[in-house]
Amino acid sequence: MAVLASWVWVLAGCFCAAVAEVSDSSDPYPPLWEDSPEQLSDYMMEDGNYIINPWVYTDRMGMYRILLEETAMYFAKYGPENEQNLLWGLPLQFGWQYQSGRLADPTGMTDCGNELNESLCVSVDSWWADINYYLSVIPFLAAVDSGITGISPNQITILPPPKDQMRFCYNVSDCQSAVPGTMNRWRDFFQYMQLNSSDFDGLLNYLWEAHASSLDYPTSAFGDRYNFYSEKEANFEENWAIAVNYLAAARLPTTQNRTYSFQRGLPPRVLVDTDIAPFIPDFTPLQNEVLVSLKLLGDTDRNSGSLSLTLWENLMSTKLARTLFLKAFEEFLATSS
Ligand SMILES: *[C@@H]1O[C@H](CO)[C@@H](O)[C@H](O)[C@H]1NC(C)=O
Ligand SMILES: *[C@@H]1O[C@H](CO)[C@@H](O)[C@H](O)[C@H]1NC(C)=O
Ligand SMILES: *[C@@H]1O[C@H](CO)[C@@H](O)[C@H](O)[C@H]1NC(C)=O
Ligand SMILES: *[C@@H]1O[C@H](CO)[C@@H](O)[C@H](O)[C@H]1NC(C)=O
């Protein structure tokens, strides 16, 4: 418990430091947001179908931009400018992956994501890109299927990657049989959102249920990708996947500015074997600290056989505990600005 408690404080401290650092920043959007499709008609059309290639950065980002746009009205009662939209966590996370070089081909066999003229390419060999597929295409298809976009799912064509096509799904019925639990959870989220009786806490619950479910299949299916990275990056990937479960249990509100600030603590480039946190010279103290905490959390989780996650989930199962967690966080914010 001591480790968990300290992790909470590190996390809260990290948010606080992160927010302090970016208080002068003006543009809490992911890279190339404005260049990504804002409506379905911005995609190429063929035989009455919108063609989306999720292996192109702006195409995949466009699915998020459309989702944010189409769901804005359901979040309007919580704050202006769609800032309170909980879906911001997804595109900002994807944007960080892009900016930090994590969507590029880690094998070096192709230029994908590495060369200037290939910079929008999202590599199928990227662990991050594969995991994110289940956090972008799946929610998007579930949203379309829930009537969020006002078109039929049959009007969307998702293009396959150049290889490993069998590890992905491409339409509602296909994905429904490939990852039924995850499709259902995202559909639950979008359907709940459309209820008059929906509230912020309820949205947060459904969102994190869906988010955590999205990781189930890809984190087990793409273990072979770890081999393409340095041991340091592979460990970070494993620890990150574990940490998401803890964030999910805490029901972290992934609103725009909060997520944007939080990401200042994440490593700004792919880790190499000589990177030893907390002594990585080109990382900020915060980024070093976050790596150390993630390793601590990952080790605790593995050594306890995930008992620590169960404990954490129990701890965070009450609204009071989650409120205290967030309150501590917000007090940090207030005192640090
Ligand atoms: C979010 O950040 C932007 C840019 O820093 C700022 O203009 C806006 O007021 C912030 N919104 C909220 C709700 O804090
Ligand atoms: C990218 O640029 C390199 C070097 O200029 C060139 O050899 C390569 O053919 C280009 N690739 C594409 C797809 O344009
Ligand atoms: C859905 O995708 C599967 C596999 O790619 C394909 O066999 C099927 O025809 C597609 N269904 C529709 C309705 O497009
Ligand atoms: C939801 O609210 C709208 C507008 O206030 C109202 O027209 C509609 O009947 C409500 N729907 C339900 C199911 O209560």
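In what follows, residues are counted from 1 in the order of the sequence shown. These numbers come from the heavy atoms of this one structure, side chains and all, not from hydrogens, waters or symmetry mates. One-based numbering, in listed order, for ligands and for the atoms of each.
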Nearest neighbour in protein (non-hydrogen) for [atom]:
atom	result
atom 4 (C) of ligand 3	Asp174 OD2, 3.4 Å
atom 12 (C) of ligand 3	Asn171 ND2, 3.2 Å
atom 13 (C) of ligand 3	Asn154 OD1, 4.1 Å

*asked:* Students often mix this up, so state it plainly: with edges at 30° and 60°, are the rings of Trp96 and Trp128 parallel, tilted or perpendicular?
replied: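 Rings of Trp96 and Trp128: perpendicular, over 60°.
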*Between Tyr260 and Tyr29, does the ring centre distance come in under 6.0 Å?*
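No - the distance between ring centres of Tyr260 and Tyr29 does not fall below the 6.0 Å cut-off.
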*Can you hop from Leu159 to Met166 via hydrophobic side chains spaced under 4.5 Å?*
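Different clusters: Leu159 never reaches Met166 through Ile, Leu, Val, Met, Phe, Trp or Tyr contacts under 4.5 Å.
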*Could you check Arg302 against Asp299 for salt bridge (Lys or Arg N to Asp or Glu O under 4.0 Å), going step by step and ending with a plain yes or no?*
CA-CA 5 Å; Arg302 279 182 289 268; Asp299 289 345; 3.2 Å; yes
*Could any protein non-hydrogen atom be found less than 4.0 Å from atom 7 (O) of ligand 3?*
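For atom 7 (O) of ligand 3 the answer is no, since every protein heavy atom stays at 4.0 Å or beyond.
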*Should you measure from each heavy atom of Asn257, which atoms of ligand 1 turn up under 4.0 Å away?*
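Result: 1 (C), 2 (O), 3 (C), 8 (C), 10 (C), 11 (N), 12 (C), 14 (O).
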*Test item: Leu68 and Trp88 side chains (from C-beta on) under 4.5 Å apart, heavy atoms*: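 In contact.
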